[in-house]
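A quick write-up on the structure given underneath.
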Amino acid sequence: MATASPSSISFFSSSIFLSTPSPSPKTIQFSHRRPPLTAAAKIRAELATVPILSFDGDQVGSATLNLKSAPPETARAVVHRGITTDLTNRRRGTASTLTRAEVRGGGAKPYPQKKTGRARRGSQRTPLRPGGGVIFGPKPKDWSIKINRKEKRLAISTAIASALGNAIVVEDFDEKFEKPKTKEFIALMKRLGLDPKRKSMFLMTEVSDNVRLSSRNLGTLKMLTPRTLNLFDILDAESLVLSKGAVDFLNERYGLDGDDEDEDEFEEGEEEDDAEQG
């Protein structure tokens, strides 16, 4: 029988299996405290220039928006938390089912226990039969989630700042609509370079009845005011159209030097609108 030559290398002769003393590892101290972030690192300003178009679609100037925006590493999480909170708070939580203890009937034993050849049954309202109770069915529940007011505002301003690349500012056109006419509103959208078949959002400080009636038949359009401004419609729209008054409102409300004094008025309005939509 041939024997292995001394020069052959065995698998178990590798250095990883040898009991050679290894140098003692150095102890590394990790600090659990993170250095505090400055205010400038938490929130930054997004400066954007948006063209101003006339009612005929001609550019007549430009507007500047300076909105708060979360840093890139946390912007996605802030907006995600804001949208999930809004959608969850719209749930009414009124779905309810009856258990076998609550469903009507089933008090008498349907047939004798023995000598029938059938399975044992004590009630006709067992969850195994049609008309019986529901196992682990839904019950009324409060789905509301709390979110900090400043965090919600930061999510809205971050979403608007990210959508300014597809935004335009249009001059006030309330007086241009003498009567409700959807055809004229579609013509206005085409002059502004908007496709009526694609989702768009109009943000105006005031909406006249003629403009509201002219645009309500368009399923792809959302006509919002500062009171009804919400995160879902901002993210869902492909184009953003602002009025001059809306630009001043956004700079004042969501700008870096925004005022928080009149915040309660709009926050209550937004909650009421969400409840009506739910």
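Because the structure is predicted, anything quoted here is derived from the model rather than measured. Computation of the quantities below employed the complete heavy-atom set of this structure, encompassing side-chain atoms and omitting hydrogens, waters and symmetry-equivalent molecules.
Formation of a donor-acceptor pair under 3.5 Å by the Thr97 side chain with backbone atoms of Val134 is not found in this model. Here the side chain of Thr49 pairs no donor or acceptor atom with the backbone of Thr64 at under 3.5 angstrom. When atom types are taken as modelled, the side chain of Arg191 and the backbone of Phe55 share a donor-acceptor pair closer than 3.5 angstrom. Checked by atom type and distance alone, the side chain of Asp195 never pairs as donor or acceptor with a backbone atom of Met189 at under 3.5 Å. Of the possible polar contacts, none joining the Asn66 side chain to the Gly255 backbone as a donor-acceptor pair under 3.5 Å is found. Remark: the backbone N or O of Ile145 is paired with a side-chain donor or acceptor of Asn89 at under 3.5 angstrom. A donor-acceptor contact shorter than 3.5 Å is absent between the side chain of Ser96 and the backbone of Pro140. Looking at Thr88, its side chain never comes within 3.5 Å of a backbone N or O of Thr85 through a donor-acceptor pair. Between the side chain of Thr228 and the backbone N or O of Leu224, no donor-acceptor pair lies under 3.5 Å. Put simply, the side chain of Asn148 never gets that close to the backbone of Glu151: no donor and acceptor are under 3.5 Å apart.
Not a single side chain to side chain contact (heavy atoms under 4.5 Å, CB included) links Glu178 to another residue, sequence neighbours left out.
Two residues are said to be in side-chain contact when any heavy atoms from C-beta on lie closer than 4.5 Å; Asp174 and Lys176 fail this criterion. At a threshold of 4.5 Å between non-hydrogen side-chain atoms, the residues Ile186 and Lys183 do not count as touching. Leu53 is not listed as a side-chain neighbour of Val60, based on a closest heavy-atom distance of 4.5 Å or more.
Taking 4.0 Å as the cut-off between side-chain N and carboxylate O, Lys139 and Glu102 count as a salt-bridged pair. Between Glu238 and Arg198, at least one side-chain N (NZ, or NE/NH1/NH2) sits under 4.0 Å from a carboxylate O, which counts as a salt bridge. We find that Lys199 and Asp236 are joined by a salt bridge, their nearest charged nitrogen and carboxylate oxygen being less than 4.0 Å apart.
The environment of Glu206 atom CD is sparse: at most 12 non-hydrogen atoms of other residues, nucleotides or ligands sit within 6.0 angstrom. Within a 6.0 Å radius of CZ in Arg76, other residues, nucleotides and ligands contribute 12 heavy atoms or fewer.
Leu221 and Val211 fall within a single hydrophobic cluster, where Ile, Leu, Val, Met, Phe, Trp and Tyr are joined by side-chain heavy atoms under 4.5 Å apart, directly or via other members. In the hydrophobic cluster analysis, where Ile, Leu, Val, Met, Phe, Trp and Tyr join through side-chain heavy atoms closer than 4.5 angstrom, Ile147 is grouped apart from Leu231. Hydrophobic clustering (side-chain heavy atoms under 4.5 Å, transitive across Ile, Leu, Val, Met, Phe, Trp, Tyr) keeps Val241 apart from Leu229.
Judged by the 6.0 Å distance and 45° axis criteria, Arg118 is positioned over the aromatic ring of Tyr111. Relative to the ring axis of Tyr254, Lys68 does not place its NZ or CZ within 45° and under 6.0 Å from the centre. Geometrically, Arg90 engages Phe232 in a cation-pi contact, judged by NZ or CZ lying under 6.0 Å from the ring centre and within 45° of the ring axis.
Contact record, Ala155 with Gly82: CB-CA, 4.4 Å, taken as the closest heavy-atom pair. Nearest heavy atom pair, residue Trp143 against residue Gly93, reads CD1-CA, 3.7 Å.
For the pairing with Val50, the side-chain contact (heavy atoms from CB on, under 4.5 Å) check across Leu65, Asn166, Val247 returns one residue only, Leu65.
Using a 3.5 Å distance cut-off with no hydrogens or angles, the side chains of Asp233 and Asn230 do pair a donor with an acceptor.
Between the CG atom in Leu67 and the CG atom in Leu164 there is a gap of 6.0 Å [rounded to 0.5 Å].
By the 30° and 60° cut-offs, the orientation of the rings of Phe185 relative to Phe202 is tilted.
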